[in-house]
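Okay, so here's the structure we're looking at.
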Number of protein chains: 2
Amino acid sequence: MSIFSPSQYICFKLSRAMRKVQRYYEVNLAPLEITTVQFYVLSSLWETNGVKFKELAQKLSMDGATLTGILDRLERQGFVTREDDPEDRRSLLVFLADKAKLHRDEFRRLAETLDNEIRDQFSSGEFATLTRVLDQIGKS
Amino acid sequence: MSIFSPSQYICFKLSRAMRKVQRYYEVNLAPLEITTVQFYVLSSLWETNGVKFKELAQKLSMDGATLTGILDRLERQGFVTREDDPEDRRSLLVFLADKAKLHRDEFRRLAETLDNEIRDQFSSGEFATLTRVLDQIGKS
DNA sequence: CCCCTTTTGTTTGTATACGAATATTTTAGT
DNA sequence: ACTAAAATATTCGTATACAAACAAAAGGGG
C-alpha cells in the first residue's frame, strides 16, 4: 500500500466500513419503509418514551438540526408525535405513535438479525475489542 | 443498557464513531478549504494520477453519483481536472491540477497528525484488531 | 421589573451518500 | 453489419449531517 492510499487513514476505514454496514441495513429495512437512522430514533424511544428533543439528540449523538428533519419524516409517516413540554415552552417532548408501538418487535427482530450477521464474521475477542474501541471514540 | 438502546447495534457504534472522527477531521481541514472526503480523493490521485473515473470510485468504495459531485467541487476549486479517455469515449480520466500537487505534503502532514491522535488513544494490539476488522467489513 | 445572556428548536445552505432514470458509447450475439 | 445488452458518467430525488443564522422563551443581575 502506497503512503498516499486513502485506506491508510483510520477515518477512511471507519467511513468505508460504516457505509458498507449501513447500506446493508438500508436494503433490508427498506420493506418496512424506514431508514437505519430512523430506526435508531425509534429504538431510543422504545427505551424511554416521551423524552425531550434535546435529550434525544444527545442520546443519539446527533446534531439537533439533523434530528429535526428525521422527526419531520417520522411524524409524517405516523411513527412519532411532537408535543409541547408543559415545563418549558421552548422545549418539546417526542412520543411514539401507535404505528411504532405495533411494529416494535418486528423491527427489532430484523435489526438483531442484521447485527448478528456482522457479529458472526468475527471472534468474540475481536468483536469485544471493536465495540470497546468504537464506544471510546464515540463517547469522546 | 436497555435492550432497546440504539447503542447496542454495531451499526450505530460505527456510525457514531465515524461521525466523531470525521467531524474532528473536518474542523481541522477547514482552514485548508477542503473536506475529509475530498482529501481522500486527492490521496488516491497522489497514489495514481490520471485514473479512470470508475476505477477511482472503486478505490474509494464510493458510489459514482457521489463521486461526480465531489469532482465537481474539486474541479471548481482547481484541485483536479477531468479529461477524455482516448481509449473509451464513455469513460473519463481524472488528473491532479497544480494546486493539489503544490499542497500535497502540507495536506498529508495534517492528516497524519489527526490520524495519530486517534491512534495514540489505543494500544497497538487494539488498533491492529480495529483496522483488521474495519478492513474486512469494508472490503466485503 | 428590565435588560442582557443563555437555552431551545427550526430554518437555510452546503456537502456527502445512494437508488433510479437517463444519454452516450461499447460490446456481444447473430 | 445490425441489434440487443451492457457499461459509463451524469442528473434527479431523497435522506442524513452539520455550521450558521434565527425566533422564541427562560434565567440572571441590577
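Sequence lines set the chain letters: A, B, ... in the order given, protein chains first and strands last, and positions in each chain run from 1.
C:dT14 atom P lies 20 Å from atom CG of B:Leu29, rounded to whole Å. What separates CD of A:Gln58 from C1' of C:dT8 is a distance of 11 Å, to the nearest Å. Taking atom CG of B:Leu60 as the reference point, atom P of D:dA9 lies 13 Å away to the nearest angstrom. Distance A:Met62 CE to C:dT8 C1': 17 Å, rounded to the nearest Å. At whole-Å resolution of the value, CZ in A:Arg82 and P in C:dT8 are 17 Å apart.
The minimum heavy-atom distance linking A:Cys11 with B:Gln22 is given by the pair SG-CA, 3.9 Å. Scanning both residues, A:Ser44 and A:Leu56, for their nearest heavy atoms gives OG-CD1, 3.5 Å. Of all heavy-atom pairs spanning B:Phe107 and B:Ile34, the tightest one is CE2-CD1, 3.6 Å.
Near DNA chain D, defined here as any heavy-atom distance below 4.0 Å, the residues from residues 83-98 of chain A are A:Asp88, A:Arg89, A:Arg90, listed numerically. Residues from residues 67-74 of chain A with heavy atoms under 4.0 angstrom of DNA chain D, sorted by number: A:Ile70, A:Arg73. Of the residues in residues 35-55 of chain A, those placing a heavy atom less than 4.0 Å from an atom of DNA chain C are A:Phe53, A:Lys54, in numerical order.
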Could you go through residues 95-103 of chain B and list every donor-acceptor pair under 3.5 Å that involves a side-chain atom there, pairing it with any protein atom two or more places apart or in another chain?
residue, atom, partner, partner atom, Å
B:Lys99, NZ, B:Gln77, O, 2.8
B:His103, ND1, B:Lys99, O, 2.9

Just distance, no hydrogens or angles: give the donor-acceptor pairs under 3.5 Å from side chains in residues 130-140 of chain A, sequence neighbours left out.
residue, atom, partner, partner atom, Å
A:Thr131, OG1, A:Phe127, O, 3.2
A:Thr131, OG1, A:Ala128, O, 3.0
A:Arg132, NE, B:Glu126, OE2, 3.2
A:Arg132, NH2, B:Glu126, OE2, 3.1
A:Asp135, OD1, B:Lys13, NZ, 3.0
A:Asp135, OD1, B:Arg16, NH2, 3.0
A:Asp135, OD2, B:Lys13, NZ, 3.0
A:Ser140, OG, A:Ile137, O, 2.6

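Considering only residues two or more places apart in sequence or on other chains, B:Arg108 meets the salt bridge (charged side-chain N to carboxylate O under 4.0 Å, His left out) condition with B:Glu112. Partners of A:Glu117 according to the salt bridge (charged side-chain N to carboxylate O under 4.0 Å, His left out) rule, which considers only residues two or more places apart in sequence or in another chain, do not exist here. Legend: residues meeting salt bridge (charged side-chain N to carboxylate O under 4.0 Å, His left out) with B:Arg90, ordered by chain and number and at least two apart, are B:Asp88.
When each of A:Val27 and A:Asp63 is assigned the nucleotide of DNA chain C with its nearest heavy atom, A:Asp63 is the one assigned upstream, toward the 5' end.
Note on residues 28-53 of chain A: pairs passing salt bridge (Lys or Arg N to Asp or Glu O under 4.0 Å), not counting sequence neighbours, are A:Lys52-A:Asp85. Sorted by first and then second residue, the pairs that involve residues 7-29 of chain B and meet ring-ring contact (aromatic ring centres under 6.0 Å, His included), not counting sequence neighbours, are A:Phe39-B:Tyr9, A:Tyr40-B:Phe12. Counting only residues at least two apart or on different chains, the salt bridge (Lys or Arg N to Asp or Glu O under 4.0 Å) pairs with a member in residues 62-82 of chain B are B:Asp72-B:Arg82, B:Glu75-B:Arg82.
Proximity of B:Thr48 to B:Lys59: side-chain heavy atoms (C-beta onward) are separated by under 4.5 Å at one or more points. By the 4.5 Å heavy-atom criterion applied to side chains, B:Leu67 and B:Val41 are counted as neighbours.
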Write down the protein N/O and nucleotide N/O pairs, taken from nucleotides 1-4 of chain C, whose separation is under 3.5 Å; answer none if there are no such pairs.
none

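For A:Arg19, whose side chain is taken as the heavy atoms from C-beta onward, the closest listed nucleotide among C:dT10, D:dA17, C:dA17 is C:dA17.
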